[in-house]
Amino acid sequence: MKLQIVLPAILALFALGTGIAQAEPKNGFGLNAGLITQQMTSPAGNYQSNGVSLGVDYQFALSDSLSLNPFLMSSGENASGTVTPGSTAAHGIVGLQLRYWINNAFIGAHLASYSEVLSLKNGNVTTSTSVSGGGLGLVAGWEHPNSGLFVLGQLDSANLKYPTTTNKLSGFRLSIGYRWK
């Protein structure tokens with residue numbers, strides 16, 4: 001299934017269960033955890049990685065239908081593809097999301113700084129390479145109107161720079177979280 005289809009489908013499912021009450025974004029600290037799948041395309045080779053993601057944010061309600069969410073996400077993944085077995089990838093994102101609220105559901109976009117550390121295992125020796133760069137993404141989710149429980153799906157796309165190459169990172173995160181309001 002293509003990632004471009006997954007995020008709108010998740011938003012549609014969450015919107016169906018939002019009821020008729022108009023929710024508005026509330027200020028508060030949020031913590032979320034979930035699954036991640038990413039793909040890196042580079043001149044040196046391509047690989048995929050799957051693992052777990054952990055994120056924090058703070059939501060600033062700008063109006064009844066807009067919020068601004070600075071966020072930090074980190075993940076650890078097992079890598080496969082043109083890498084040696086046992087290789088791992090770790091990603092970090094620092095960014096800012098703007099969310100538009102429709103009842104209890106939200107859609108939005110973000111700008112962020114992405115970083116990655118790829119650890120290649122070769123026998124008993126592990127070598128690490130790190131790259132970083134800017135990127136953007138889309139987010140959609142749903143927040144329970146009476147508690148802090150929320151679910152979000154996030155698409156990521158970034159160009160990560162190594163001294164002589166540019167690597168293309170794309171990925172999808174699906175997380176469950178809680179917001180203290």
A.B. asks: Pair Glu143, Arg99 - check salt bridge (charged side-chain N to carboxylate O under 4.0 Å, His left out), show working.
C.D. replies: CA-CA 12 Å; Glu143 189 167 313; Arg99 295 178 180 174; 5.4 Å; no
A.B. asks: Can you list the residues that meet the ring-ring contact (aromatic ring centres under 6.0 Å, His included) rule with Tyr178, with sequence neighbours excluded?
C.D. replies: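 With neighbours one apart ignored, the set is Trp180.
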A.B. asks: Please list, chain by chain and in numerical order, all residues satisfying salt bridge (charged side-chain N to carboxylate O under 4.0 Å, His left out) with Lys26, sequence neighbours excluded.
C.D. replies: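 Result, salt bridge (charged side-chain N to carboxylate O under 4.0 Å, His left out) vs Lys26: Glu24.
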A.B. asks: Can you check side-chain hydrogen bond (donor to acceptor under 3.5 Å, both in side chains) on Thr37 and Asn50, steps first, answer last?
C.D. replies: CA-CA 4 Å; Thr37 182; Asn50 299 295; 2.7 Å; yes
A.B. asks: Does the side chain of Glu116 pick up a donor-acceptor pair with the side chain of Gln38 at under 3.5 Å?
C.D. replies: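 Not at all, the side chains of Glu116 and Gln38 share no donor-acceptor pair under 3.5 Å.
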A.B. asks: For Ser170 and Ser157: C-alpha separation, side-chain torsions, deciding distance, then whether side-chain hydrogen bond (donor to acceptor under 3.5 Å, both in side chains) applies.
C.D. replies: CA-CA 4 Å; Ser170 60; Ser157 178; over 6 Å; no
A.B. asks: Can you tell me how far apart NE2 (His110) and CG (Leu155) are? Round to the nearest 0.5 Å.
C.D. replies: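 Taking NE2 in His110 and CG in Leu155, the distance rounds to 9.0 Å.
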A.B. asks: Does Lys168 NZ have over 12 foreign heavy atoms under 6.0 Å away?
C.D. replies: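 Yes, enclosed.
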A.B. asks: Let me confirm one number: the CG-CD1 distance from Leu54 to Ile36, rounded to the nearest 0.5 Å.
C.D. replies: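 Answer rounded to 0.5 Å: 11.5 Å.
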A.B. asks: Check this for me: Ile176, atom CD1, are more than 12 non-hydrogen atoms of other residues, nucleotides or ligands nearer than 6.0 Å?
C.D. replies: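 No, CD1 of Ile176 has 12 or fewer neighbouring heavy atoms, counting only those of other groups under 6.0 Å.
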A.B. asks: State which residues pass side chain to side chain donor-acceptor pair (under 3.5 Å) with Asn122; sequence neighbours excluded, sorted by chain then number.
C.D. replies: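 Expected list: none.
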A.B. asks: For Leu138 and Ile107, run side-chain contact (heavy atoms from CB on, under 4.5 Å): C-alpha distance rounded to whole Å, both residues' side-chain angles, the deciding distance at 0.1 Å, then the answer.
C.D. replies: CA-CA 8 Å; Leu138 299 174; Ile107 57 173; over 6 Å; no
A.B. asks: Given the rule that I, L, V, M, F, W and Y join up when any side-chain heavy atoms are under 4.5 Å apart, are Leu35 and Phe150 in one cluster?
C.D. replies: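 As far as the 4.5 Å side-chain criterion goes, Phe150 and Leu35 are not connected within one cluster.
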A.B. asks: Go through the side-chain N and O atoms of Asn69 and Gln59 and say whether any donor and acceptor fall under 3.5 Å apart.
C.D. replies: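 Note: Asn69 and Gln59 side chains meet the donor-acceptor criterion.
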A.B. asks: Mind checking the OG1-CG spacing from Thr126 to Leu118? Nearest 0.5 Å is all I need.
C.D. replies: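 The CG atom of Leu118 is 10.5 Å from OG1 of Thr126, to the nearest 0.5 Å.
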A.B. asks: Side chain to side chain donor-acceptor pair (under 3.5 Å) with Ser132: which residues, sequence neighbours excluded?
C.D. replies: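 Counting only residues at least two positions away or on another chain, Ser132 forms no side chain to side chain donor-acceptor pair (under 3.5 Å).
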A.B. asks: Of all residues at least two apart in sequence or in a different chain, which pass the side chain to side chain donor-acceptor pair (under 3.5 Å) check with Ser87?
C.D. replies: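 Checked Ser87 against side chain to side chain donor-acceptor pair (under 3.5 Å); matches are Thr84.
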A.B. asks: Working to the nearest 0.5 Å, report the span between CD of Gln48 and OG1 of Thr82.
C.D. replies: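 Between atom CD of Gln48 and atom OG1 of Thr82 there are 8.0 Å.
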A.B. asks: Hey, can you tell me if Phe60 and Tyr58 have their rings parallel, tilted or perpendicular (30° and 60° cut-offs)?
C.D. replies: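 If you compare the ring of Phe60 with that of Tyr58, the planes turn out tilted.
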A.B. asks: Taking side chain to side chain donor-acceptor pair (under 3.5 Å) as the test, write out the residues that go with Thr129, two or more places apart.
C.D. replies: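 Result, side chain to side chain donor-acceptor pair (under 3.5 Å) vs Thr129: none returned.
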